There are 2 protein chains.
Amino acid sequence: MHEQLIKSIQDKITLSPEEIEKVKHFYIPKKIRKRQYLLNAGDVCQYIAFVEKGLLRSFTVDNDGGEHVIQFALEGWLIGDMSSFLSGDEATYNIEALEDAELLLLSKPSMEDMLHTVPKMETYFRILMQNHIVALNRRVISSMSDTAEQKYLKLMNNCPGIVNRASQQNIASFLGITPETLSRIRKQVAQK
Amino acid sequence: MHEQLIKSIQDKITLSPEEIEKVKHFYIPKKIRKRQYLLNAGDVCQYIAFVEKGLLRSFTVDNDGGEHVIQFALEGWLIGDMSSFLSGDEATYNIEALEDAELLLLSKPSMEDMLHTVPKMETYFRILMQNHIVALNRRVISSMSDTAEQKYLKLMNNCPGIVNRASQQNIASFLGITPETLSRIRKQVAQK
DNA sequence: GAAAGGAATTGATTTAGATCAAGAATTATT
DNA sequence: AATAATTCTTGATCTAAATCAATTCCTTTC
């Protein structure tokens, strides 16, 4: 049940077997089914979720009712409304399972306990945050300067799992293009 | 010399006068002149810079030689290549002063010392990081779903200082539009 | 203070991608 | 298995913004 989590941690820091056992106990396993929501915009985000299995998306709904996919999360990724989780303010994002999923939830008190008990986990979360900021900056630049095709090809290279498993509507929304444009791009890319 | 920094900190956490004095000593004052670079892409980002006075920008140069403004920083803001600073890897951003500037530099060893000496500063940096992530997410959504005019109006509302002080080329680059388009938008906005 | 070099404006044209619309192909539901 | 409901594809048209180009307006700088 914790393989992905352990892998994710050991990728970044070194923990003793005892520390690993301690860390495990701070996470609450939870299964959710396709189409279920883990978080509704307006609620406070009580947990950040580590994905052991499945695929989720976070998204906002704008004034005109348009959905914007902020992030996907598959095996080994973390998802949540970080800002709401850390500050206790209302969440601006919704989080929905796109496939049946197995999650490991971490509440804020558990997180604080854990960082106190296993201080090396500070480094783990710092690295995650840092990677996240780098990824967001890349996405800003890409959304400003790449063509729709370049955006799609980059996503395909960086996250083939998402391209294979998410619907084209969701992928298009994530890339900031229409589903029609994505469909045409896929056709072109296929025949070369 | 430290007014802006103290204001920024006291905005988020409460420190005793003694703690404030301690914090001050970890920062190195530095003046740089317009057009000077604080960081070149490829170097390691040794310092994050708190802006006491002036205006700076960080930007990347893509393969075709095109510049992309990542961020502006004016009084009370922090600028640096966070990823390079924290990880020690090569910076991907350049940082340049757009006006003569007075900075307070924080090196990584100083930062670690400071967090150790005044642990409440952890919270300060956590809040800064968190705000940064929220801002980046907003920017991604805006760049995908807003028109050029909406992007400009939002920047004008959120950061009038930048709109007034940065060149239109830089503002256009930051917004992901051409200088010509920005010029036309400004004309329209002015006559209403 | 004149010349030079950018920066900003304005106009004409092009284009990538959006929008509108209708049909084909999957996927769900009973 | 049959029907309903999405999702995806394909085509025709439209539009916001890019590109190309020429002029005017500011700053530098000598």
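On a predicted model such as this, the values are computed, not experimentally measured, just so you know.
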[N] phosphate, OP1 or OP2, under 4.0 Å from [X] side-chain N/O:
| X | N | result |
| --- | --- | --- |
| A/Gln168 | D/dT7 | no |
| B/Thr181 | D/dA18 | yes |
| A/Thr178 | C/dA18 | yes |
| B/Lys34 | D/dT27 | no |

Rounded to the nearest angstrom, tell me the gap between atom [atom1] in [X] and atom [atom2] in [N].
| X | N | atom1 | atom2 | result |
| --- | --- | --- | --- | --- |
| B/Glu180 | D/dT23 | CD | C1' | 14 Å |
| A/Gln188 | D/dT9 | CD | C1' | 14 Å |
| B/Arg33 | D/dT28 | CZ | P | 11 Å |
| A/Arg184 | D/dA12 | CZ | C1' | 9 Å |
| A/Leu175 | C/dG17 | CG | P | 11 Å |
| A/Leu182 | C/dA16 | CG | C1' | 15 Å |
| B/Glu149 | D/dA16 | CD | P | 11 Å |
| A/Glu99 | C/dT27 | CD | C1' | 15 Å |

Look at the rings of B/Phe174 and B/Phe72 and say which category their plane angle falls in: under 30° parallel, 30 to 60° tilted, over 60° perpendicular.
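Ring orientation, 0 to 90° scale: tilted.
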
Indicate yes or no for a side-chain donor-acceptor contact from A/Asp81 to the backbone of A/Asn94 under 3.5 Å, with no hydrogens or angles considered.
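Not at all, since once roles are kept as given, no pair shorter than 3.5 Å links the two residues.
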
Among C/dT10, D/dA17, C/dA8, which is the nearest nucleotide to the side chain of B/Lys187?
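Shortest atom-to-atom distance from the side chain points to C/dT10.
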
What is the nucleic acid contact for A/Ile177, judged by heavy atoms within less than 4.0 Å: base, sugar-phosphate only, or nothing?
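Sugar-phosphate, no base atom in range.
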
Answer yes or no: are there more than 12 heavy-atom neighbours, outside A/Lys12 itself, under 6.0 Å from its atom NZ?
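It does: A/Lys12 NZ has more than 12 such atoms within range.
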
Check this for me: B/Phe26, atom CZ, are more than 12 non-hydrogen atoms of other residues, nucleotides or ligands nearer than 6.0 Å?
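Enclosed.
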
Checking side chain to side chain donor-acceptor pair (under 3.5 Å) against B/Asn170, which of B/Glu67, B/Arg165, B/Glu96, B/Arg57 comes through?
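Between B/Asn170 and the candidates, side chain to side chain donor-acceptor pair (under 3.5 Å) is satisfied uniquely by B/Arg57.
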
